[in-house]
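Every heavy atom of this structure was used, including side-chain atoms; hydrogens, water molecules and symmetry mates were not.
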Amino acid sequence: MGNDPLIVFTPSGKRGRFQIGTPILAAARQLGVDLDSVCGGRGICSKCQVTPGYGEFPKHGITSGPGALSEWNAVEERYDAKRGLKAGRRLGCQAKILGDVVIDVPPESQVHKQVVRKEAAVRNIKMDPATRLCFLEVGHPDMHEPTGDLERVRRALHEQWNICDATADITLVSKLQPVLRKGNFQVTAAIHRSHKNTRPQILDIWPGFHEAGLFGLAIDLGSTTIAAHLTDLETGGVIASSGIMNPQIRFGEDLMSRVSYSMMNPGGDSEMTAAAREAINNLTEEMARTSEIDASLIVEMVFVCNPVMHHLLLGIDPTELGQAPFALATSESIAMDARELGLSAVNPRARAYILPCIAGHVGADCAAVALSEEPGKSDELVLIVDVGTNAEILLGDKFRVLACSSPTGPAFEGAQISSGQRAAPGAIEAIRIDPVTKTPRFRVIGSPLWSDEDGFEEATAATGITGICGSGIIEAVAEMRIAGLLDESGLIGSSSQTGTERCFPEGRTSSYLVHDGTRSAGPKITVTQSDIRAIQLAKSALYAGARLLMDERKADKVDRVVLAGAFGAHISPLHAIVLGMIPDVPLSKVTSAGNAAGTGARIALCNVAARREIEQTVGKITKVETAIEPRFQEHFVAANAIPHKTDPFPELAKSIALPSPKFNAGGDGNGDIGGRRRRRRRA
C-alpha cells in the first residue's frame, strides 16, 4: 500500500492510497467522500462528475500530471457527445487512478448539498445607490437644430435631473435610437454616479417608464465559500441569498497553498482566476433564474475578499503575498466594468466595485466588517473576530482601531477532521455531552430536534447522520473538555481514565465515539486525537492574533467580543470561551454579527457615500503583521492549552467549573501506552 498512488479529495480533505486502476468513485466510497451516483457506475447518470487537479500541491505532498488518471474511455466520449461535460471534468465511475492526484468534487456532484450559512442580516441602510433610474422626456430630432440623439439625452439629464456630462459606451449608443422611438422619446435611463467625482455613466435605457427595477449583487468571495446577496437597489431589500463552494479549493484549501500552487505551476494563477469567475457567473445565473429576475437588470456588483482572493479575482498573480513584506499590487478600492472581470451573467455594462484592502494579509473583507460593525465609533474596547479559513481580527474603540489576520486553516470549516464535512443536511452542527454518563446528544442540519428527542430518527431519515461540520467539531471539543474526557493539554483519556467505553483506543491514542451508524450502513462518527490537534492549532492561531492586538493596545482584557462570519451565529459564547478561541469576557458580552463582511458589502452596494467612508476609515486602521511578530509564536504556544495555559479566565469560572484530569498519551495515567510499559530514556 505504501507505494500505491495517493488520492486527495477536496473540499473534504479526505485522502488514501489505492491500487492502480481503482475507479475514482470506488475510492470516494471507501473514504466516505460525498460523491453522488445513481446509475451504479455505468456512466449514465453523470452524477459522479469530478475535476482532477494537475500540478504541484505542496500542502498535500503531491505532484500530479495528466497521466495520473486513465485516458477518456468510450463511455465518457459517448456521454460528452450526447450531453456534454464541462471542460476538465471526468466521470468518477470511469476515470481510474494511475498516479498521485487531487480530485475536486463540485457542489452539483455532492449528495448532501453545501449549506452556505452566510445569510443576509437585517439591517437599516440609508439608500443612496451609485446607480439609479431616471425617467426622461427627450426632445425630438429637429432638422433646424441638428443634434444627435445621445446629445439630447444628455441635455434631458442635465435639465430634468441636474446630471451633467454623462458618458455612454458604444454598445449603449447602438441601442439608443430604436429605444427612443419605441418610447416616443420618453425613456428611463439607469445612471451610475461614482463617489470619486468621475463623469456619470448611462448603463442602460428602456422605452417609456421602466417599472422592473434595478438590482445589485453584494458578493463575499471567501477562501472556502462564495456568498452573494441579490439586492433591490431601490428598497435595499435582499431578494435572495445564496452561495457555493469556492472551486479554487482543488488548488489548495488555504490561502498559502494557493499561493504555492501559483508559484510552482506556470499559469496556475490564471487557472484559479478562471475558476472563481466561472463560479461567480454560475451563481449569478442561478440566483437570477430562481428569483425570476432578468439578469440584465443586475447593474452593480460589490466585492469583498481577502488579499489573495482579491488578486485572483482581478487576475493578478498573488506570489508576492506569500513572502515578506507581503506586498499588494494595489490596496486601493477599484471601480471597473464587470465585463473586465469576465463577469458576463449581468448587464453588459454593469459596474463592479471592490472595497480597499487594509494590508497584505488583511483584506477588503476585513474592511467590510469595519464598515458594518464600526469599531472606531465604540466607547468600549471591542474585539471583532471574523472566523474562517483565514481569520480577520479587529480591535478598537473611538480612539484607535487595529487589525490583523490569523491563519486558522480549514479545520473550523470541517476540513482535515476525520469525520468532518462541510455544512450540509445531515451534518452534526451542535452537541452536548452529559458530564456524568459521558453520553452525547446532538442536532443535525435540517432538523430542529436533538438526537434524544422523540421523532429525531424520522426527522433525519431522509438526510441520515453523515458527519460533523465546523460548528459541531468546535462544540464537541469544548463539551469533551467540560465532561472531563479531555485534559487541559488536549489529550483524550482512555476508557479506564474517563469511565466510558465511548473513549476507545485508536493506535497510540484514544478517540471518542459520537455516533455509530454502521448498523444502518451509515458512518461511524468519532473525534480523534488528530481532530483535537487540528482544532487546537486553529484556535491557538485565532487567540494569538487577538492577544497580539491587545498587546499593542496595552490591554489585559476587552470589554466585548463580536463573532462574525458563518460561525458567529452557530457557536454558543460558552463553547467559544471554553475552547479558548476568544479572550475571557462575560458571556453576555459575546454577540453575533452574522456575515458582517457580507453586510458591509451590502452597505457599500446600497449607499455610495459608504464607499468614501470606508476608504477613509481604512487609512486610519493600524495594521499588525502576525507573520513577522515574535510574540505571536509565544501567544500561540500558550494558547494550545484548553482554554489557555497562562491567561486566567475568571469570567468563565463564574459560569462553569472545568475539571482538571491529566492523561498520558494513550495510557492509563501511569505511562502505559498500548498496554506496554514505556521505557524511560536514560540521561
Side-chain angles (χ1 to χ4, degrees), residues 13-16 31-32 409 411-412 414-421 428 430-442 451 465 467-470 472-519 522-540 575 578-581 639-645 656 658-680:
K14 294 182 177 179
R15 59 171 57 209
L31 292 174
F412 285 155
Q416 297 181 348
I417 301 298
S418 60
S419 297
Q421 66 168 86
I428 294 174
I431 187 170
R432 301 291 182 269
I433 299 175
D434 188 296
V436 177
T437 66
K438 318 299 184 186
T439 303
R441 62 189 184 99
F442 51 82
S451 58
I465 302 166
I468 189 164
C469 67
I473 191 64
I474 288 171
E475 292 199 2
V477 176
E479 283 287 320
M480 289 173 69
R481 180 74 177 89
I482 294 170
L485 301 171
L486 197 68
D487 68 14
E488 183 187 61
S489 71
L491 282 174
I492 303 173
S494 65
S495 59
S496 60
Q497 292 169 325
T498 59
T500 176
E501 294 299 319
R502 285 185 172 272
C503 289
F504 62 94
E506 193 161 21
R508 295 172 62 85
T509 58
S510 296
S511 297
Y512 176 73
L513 177 63
V514 176
H515 172 73
D516 189 352
T518 54
R519 290 183 180 177
K524 186 176 182 180
I525 299 171
T526 63
V527 179
T528 69
Q529 192 63 63
S530 294
D531 298 338
I532 300 292
R533 183 59 178 159
I535 292 298
Q536 282 179 289
L537 293 174
K539 75 97 175 180
S540 297
H575 292 99
V578 167
L579 188 60
M581 287 176 61
N640 263 233
I642 302 174
H644 199 276
K645 189 66 175 175
I656 192 168
L658 294 178
S660 303
K662 291 192 180 298
F663 306 132
N664 290 324
D668 59 3
N670 297 305
D672 185 49
I673 297 178
R676 294 169 297 167
R677 180 71 60 182
R678 180 176 56 192
R679 292 186 178 180
R680 295 182 179 273

Legend entry - Minimum heavy-atom distance between S495 and C503, given as atom pair plus value: CB-O, 3.2 Å
Inset, instruction - Applying side-chain contact (heavy atoms from CB on, under 4.5 Å) between V477 and each of I482, L579, I492, report the one that passes. - result: L579
Legend entry - Test item: I465 and S451 side chains (from C-beta on) under 4.5 Å apart, heavy atoms: no
Inset, instruction - Take S511 and F504 through the side-chain contact (heavy atoms from CB on, under 4.5 Å) test and state the conclusion after the steps. - result: CA-CA 6 Å; S511 297; F504 62 94; 3.7 Å; yes
Legend entry - Minimum heavy-atom distance between D434 and A483, given as atom pair plus value: O-CB, 4.4 Å
Legend entry - Any donor-acceptor pair under 3.5 Å from K438 side chain to G484 backbone: no
Legend entry - Heavy-atom side-chain proximity of L485 to T500 below 4.5 angstrom: yes
Legend entry - Straight-line distance of I535 CD1 to M581 CE, nearest 0.5 Å: 8.5 Å
Inset, instruction - Indicate whether any N or O donor in one side chain lies under 3.5 Å from an N or O acceptor in the other, for T526 and T528. - result: no
Inset, instruction - Quick one: do D531 and I468 satisfy side-chain contact (heavy atoms from CB on, under 4.5 Å)? Show the steps, please. - result: CA-CA 11 Å; D531 298 338; I468 189 164; over 6 Å; no
Legend entry - Non-hydrogen side-chain atoms of P661 and D487 separated by less than 4.5 Å: yes
Inset, instruction - Report yes or no: does E475 contribute a side-chain atom to a donor-acceptor pair with the main-chain N or O of I431 at less than 3.5 Å? - result: yes
Inset, instruction - For S510 and S494, work out which heavy atoms get closest and say how close. - result: OG-CA, 3.6 Å
Inset, instruction - List for me each residue that meets side chain to side chain contact (heavy atoms under 4.5 Å, CB included) alongside R15, sequence neighbours excluded, and say none if there are none. - result: L6, V8, H60
Inset, instruction - Establish, from distance only, whether the side-chain atoms of N640 and S540 form a donor-acceptor pair under 3.5 Å. - result: yes
Inset, instruction - Scan side-chain atoms only and decide if T509 and Q529 contain a donor-acceptor pair under the 3.5 Å cut-off. - result: no
Legend entry - Rounded distance (nearest 0.5 Å) linking atom OG of S419 with atom NZ of K524: 10.0 Å
Inset, instruction - Please collect all salt bridge (Lys or Arg N to Asp or Glu O under 4.0 Å) contacts where either partner lies in residues 488-501, sequence neighbours excluded, each pair once. - result: E488-K645
Inset, instruction - State the CG-CD1 distance between L486 and I532, to the nearest 0.5 angstrom. - result: 4.5 Å
Legend entry - Spacing of T498 atom OG1 and M480 atom CE [to the nearest 0.5 Å]: 9.0 Å
Inset, instruction - State whether the side chain of R481 and the backbone N or O of I642 hold a donor-acceptor pair below 3.5 Å, judged by distance alone. - result: yes
Inset, instruction - Rounded to the nearest 0.5 Å, what's the gap from CD1 on I525 to CD1 on I428? Could you check? - result: 4.0 Å
Legend entry - Within-4.5 Å side-chain heavy-atom neighbours: R502 and P440: yes
Legend entry - H575 side chain near R432 side chain, heavy-atom distance below 4.5 Å: yes
